[in-house]
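Just so you know, ligand 1 is whichever comes first in the structure, and atom 1 is the first atom listed for that ligand. The first residue of the sequence shown is numbered 1, and numbering continues consecutively from there.
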Amino acid sequence: MKVRKAVIPAAGLGTRFLPATKALAKEMFPIIDKPTIQYIVEEARKSGIEDILVVTGKGKRPIEDHFDSVPELEQNLTAKGKTGLLKLVQQTTDINLYFIRQSHPRGLGDAVLMAKDFVGNEPFVVMLGDDIMEDKVPLTKQLIDRYEETHASTLAVMKVPHDEVDKYGIIDPVTETKPGLFDVNQFVEKPDVDKAPSDLAIIGRYLLTPEIFDMLETQKPGAGNEIQLTDAIDRLNQIQRVFAHEFKGERFDVGYKFGYLKTSIQFGLKHPEVSAELKDYIKELAKKLN
Ligand code: G1P
């Protein structure tokens, strides 16, 4: 069955960015000139996804507004002949987005469970907004290609520094069945550094079969007393195979302050409007710091 649907959980409170997130959804923070969630939506679109459900919460209305059309703005840009800007504005509305509110966030697993009716009986992807991925083939498309070979759930994983494994879901790989594709013995959410089965961390892209909802409906709270998607995936793996696909591209974690700053700089260095100035600025700054 074709993979057509994606779920983007965006109900988090964004406490790592307080006070900025008091009134502004972290998904709307721009990297140069584009909100972080737009990078995720663009990856979905490039991967052939047709419908996206965004799981939102309090204060997330600007996300809906961002992906809605703004006729007055479009008329204004047309009248002024600003066709480049008009195109940028119109590009934000050419995918089907649906929204559902999670009134009592109880963890990532709980957020994904909100998508049960939207997903129905189809395979689907979960895309976390804190991770922007870059590769020749979009990571979501890589997972879809794997699914087309295996018809099984497949999570994206990546090697992380050993002292950071307690921030992630970690896999216990058994064998590399095909290059970059692992059979998995166990999925563990945020293990202690000395107990982690490997340094292969789940990054924010999951291709899941609909049976995950049976697991989520009965999932008990785990790490941080939250309903963890990783725990439900571990149980799914007992009844049908769940693979891990190793991502070899670049991952930009915008979910914490320094990661957000680094991503802004790296994307700025590639942005035609600011890259030359930014390069000069960094060189000047480096001289001063030496
Ligand atoms: C979530 C998942 C975790 C995963 C991580 C990737 O954790 O629960 O398994 O490794 O995203 O970014 P969070 O970052 O929400 O604590």
Side-chain angles (χ1 to χ4, degrees), residues 6-18 21 25-27 29 36-37 39-40 43 54-57 60 102 105-115 125-134 139-140 143 153-173 182 184 186-193 195-208 212 215-216 219-237 242-247 249-260 262-263:
V7 178
I8 303 179
L13 299 174
T15 45
R16 285 184 195 159
F17 286 97
L18 279 169
T21 42
K26 70 169 176 177
E27 293 79 8
F29 286 9
T36 56
I37 192 166
Y39 290 92
I40 312 296
E43 180 188 326
V54 185
V55 183
T56 67
K60 305 282 181 162
Q102 188 189 21
R106 289 170 36 200
L108 180 59
D110 194 42
V112 173
L113 182 55
M114 302 284 300
V125 291
V126 174
M127 307 175 76
L128 304 189
D130 282 348
D131 288 320
I132 298 176
M133 312 294 192
E134 279 197 352
L139 177 53
T140 294
L143 293 180
S153 296
T154 306
L155 320 186
V157 297
M158 198 169 190
K159 259 207 163 65
V160 295
H162 184 67
D163 60 351
E164 289 179 19
V165 291
D166 57 352
K167 294 195 189 113
Y168 295 94
I170 300 292
I171 67 159
D172 178 8
F182 295 90
V184 180
Q186 219 196 341
F187 298 83
V188 199
E189 181 67 10
K190 307 208 167 82
D192 289 341
V193 171
K195 293 202 186 105
S198 77
D199 294 344
L200 283 172
I202 302 169
I203 50 176
R205 301 291 182 273
Y206 309 71
L207 196 153
L208 298 167
I212 191 67
M215 306 299 132
L216 286 171
Q219 190 58 52
K220 303 231 163 59
N225 203 26
E226 293 185 344
I227 310 285
Q228 296 292 353
L229 181 59
T230 305
D231 295 345
I233 289 169
D234 190 52
R235 285 171 59 223
L236 183 65
N237 193 34
V242 179
F243 291 101
H245 163 81
E246 190 173 7
F247 180 52
E250 242 188 305
R251 166 176 176 253
F252 300 90
D253 182 353
V254 297
Y256 68 109
K257 286 177 196 127
F258 188 51
Y260 178 71
K262 279 196 290 189
T263 307

Quiz item: When you measure from the side chain of Thr21 to the backbone N and O of Gly14, does any donor-acceptor pair fall under 3.5 Å?
Solution: yes
Practice problem: Say whether, by atom type as modelled, one donor and one acceptor occur between the side chain of Ser198 and the main chain of Ile171 under 3.5 angstrom. | Solution: yes
Quiz prompt | Closest to atom 12 (O) of ligand 1 among Asp130, Asp131, Val126 (heavy-atom distance) | solution = Asp131
Quiz item: In the protein, what heavy atom is nearest to atom 5 (C) of ligand 1, and what distance, to one decimal place, separates them?
Solution: Ile202 O, 4.0 Å
Quiz item: Just to confirm, does any protein heavy atom lie below 4.0 Å from atom 9 (O) of ligand 1?
Solution: yes
Quiz item: To which protein heavy atom is atom 15 (O) of ligand 1 closest, and what is the distance rounded to 0.1 Å?
Solution: Lys190 NZ, 4.6 Å
Quiz item: So is Leu128 close enough to ligand 1, meaning a heavy atom under 4.0 angstrom away?
Solution: yes
Exercise. Using non-hydrogen atoms of the residue, decide whether Leu229 is closer than 4.0 angstrom to ligand 1.
Key: no
Quiz item: Should you measure from each heavy atom of Tyr168, which atoms of ligand 1 turn up under 4.0 Å away?
Solution: 10 (O)
Exercise. Keeping the roles fixed (side chain from Asp234, backbone from Phe187), state whether a donor-acceptor pair exists under 3.5 Å.
Key: yes
Quiz item: Just by modelled atom types, is the Val193 backbone N or O under 3.5 Å from a matching donor or acceptor in the His162 side chain?
Solution: yes
Exercise. For Gly169, counting its heavy atoms only, list the atoms of ligand 1 lying under 4.0 Å from any of them.
Key: 3 (C), 4 (C), 9 (O), 10 (O)
Quiz prompt | Check: Lys262 side chain, Asp253 main-chain N or O, donor-acceptor pair, under 3.5 Å | solution = no
Quiz prompt | Residue, atom name and distance, where the atom is the protein heavy atom closest to atom 2 (C) of ligand 1 | solution = Glu189 OE2, 3.7 Å
Exercise. Could you tell me which atoms of ligand 1, counted from 1 in the order shown, lie closer than 4.0 angstrom to a heavy atom of Thr230?
Key: 9 (O)
Practice problem: Mark yes or no for whether Arg205, through its side chain, and Asp131, through its backbone, hold a donor-acceptor pair below 3.5 Å. | Solution: yes
Quiz item: Hey, is Asp130 close enough to Lys26 for a salt bridge, meaning N to O under 4.0 Å?
Solution: yes
